[in-house]
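See structure below.
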Amino acid sequence: MTTGFDDPISANPSSIGADQHSFGTRNSPTASYSAFIPPPRLVTTQRGTQRLIGGLFLDGRADSLEEQAKGPFLNPAEMGNTSEQDVITKIAISTYATDFELLFGDDILLNAEQAYNYVADAIAAFERSTIFSPFSSKFDQVQAGTASFTDAQSRGFNIFNTKGQCQVCHDGNREVFSNFTYRNIGVPSNPLLPAFINDPNFIDLGLGAVSGNRQNDGEFRVPTLRNISDTSPYMHNGVFTTLREVIEFYNTRDTTFSQSPEVNRNIAQGGRLGELNLTINEIDDLIIFLETLSDE
Amino acid sequence: MKIITRLKSVELLKLSLFTLSISTPAYSNTEGNEISVSPIQNNQSGVNINAAPQRPRPPQPPRPPRQPQPPINAETTRLIDGTVVNTQQLVDLGNLLYTILICLTLLVSHVLHAMI
């Protein structure tokens, strides 16, 4: 089975809806390990500014897995049900309506609002199960002492933590390789994104559209790196299709990378981000290490 | 294990996985390759990402911190409304909803699409 828990059709930068002609505006993130994403909270940085950490969706607009689970059923670009009642009606005529009633009561399907909340509760519980977070990767086996990295994997892990500076954002929580902060790293627009094809001026403000704070424009939550080699395309708009493209972007963003950022403000700096000076061999090793994060 | 047995419908699962991880405004390709956009309110947050950003907004109060929610392992689960249910039954139902309901929606959609 797929370990990435993301859109199995990786050819599209964003996912096609149930109606087979609608598209979302973003690359769908993986649902694996989403149980580890903390609820959103504001923290004060050393410079006295407040930053958001956590929250579901790439822009943090959902507080919990339950809230997140309610969205896709009704979103016209996804499943396109017309109402909560529409969803519950489909459950009521399904073969597992009895399962629902056994768990929540005989009359539960007569109360669409409450039943819909329970739908979200059940899906969230499923997403918190170990199926979504098996921790069965080569990396986990090495951590447990039951396997060893190859030389290339070891070199890649070292680059991850040193010259590559990946750990700055992807090591705050080793369990899922994300510190759950929000950053605008200067990702370029994706000309293949349906939203961009429809409107070349399309700009996704990410967290900025949710918070209303211009300082958040272009910021998206740092994603997990678990199963990263199985969850292409990459970035919020799917502009990169391979890990090599992603690393090359981090490597050359401020030197030879030729494309302009989608949101040309609030761009994350620090360290040597954008001019890492990684060699081809180092990039190869880094990719080999990242492949060890895929669950088996 | 019941849940694993159900997961053997791998293709069914693959068909449906993507729909849960996104929730974005609609871009509807209604005329062949012509893609039209309609600014539809997001059902969950009320945020319309297609539309021009609305500024200024009133300051948002800080959201109260909540505890992280690690994977479940207890025999029972207390739901948001206080209801206590059997965890495994809840997960099994979530599995069904995650897979079959989504596929049912896809099927109905395809049938309707074929009838039009």
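Please read all numbers here as calculations on a predicted model, not as lab measurements.
Contact annotation: the side chain of B/Ile80 never approaches that of A/Asn117 to less than 4.5 Å [non-hydrogen atoms, C-beta and beyond]. At a threshold of 4.5 Å between non-hydrogen side-chain atoms, the residues A/Ile91 and B/Leu97 count as touching. In this structure, A/Phe104 and B/Leu93 have side chains that are in contact, with non-hydrogen atoms separated by less than 4.5 Å. Looking only at side-chain heavy atoms (C-beta outward), A/Asp99 and B/Gln89 stay at 4.5 Å or farther from each other.
Taking CG of B/Leu79 as the reference point, atom CD of A/Glu66 lies at 8.5 Å (rounded to 0.5 Å). Note that the OG atom of A/Ser129 and the CG atom of B/Asn95 stand 7.5 Å from one another [nearest 0.5 Å]. In this structure, B/Thr99 OG1 and A/Phe126 CZ are separated by 7.0 Å, a value rounded to the nearest 0.5 Å. Atom-to-atom distance recorded for A/Leu103:CG and B/Thr83:OG1 is 9.5 Å, nearest 0.5 angstrom.
Under a cut-off of 6.0 angstrom, the local environment of CD in A/Glu101 is crowded, with over 12 non-hydrogen atoms contributed by other residues, nucleotides or ligands.
In this structure, B/Tyr98 and A/Ile123 approach most closely via the heavy-atom pair CD1-CG2, 4.0 Å. Residue B/Leu90 comes nearest to A/Ala125 through the heavy atom pair CD2-CB, 3.5 Å, listed as atom of the first residue, atom of the second, then distance.
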Side chain to side chain contact (heavy atoms under 4.5 Å, CB included) evaluation trace for A/Tyr118 with B/Asp81 | CA-CA 9 Å; A/Tyr118 288 151; B/Asp81 68 354; 2.5 Å; yes
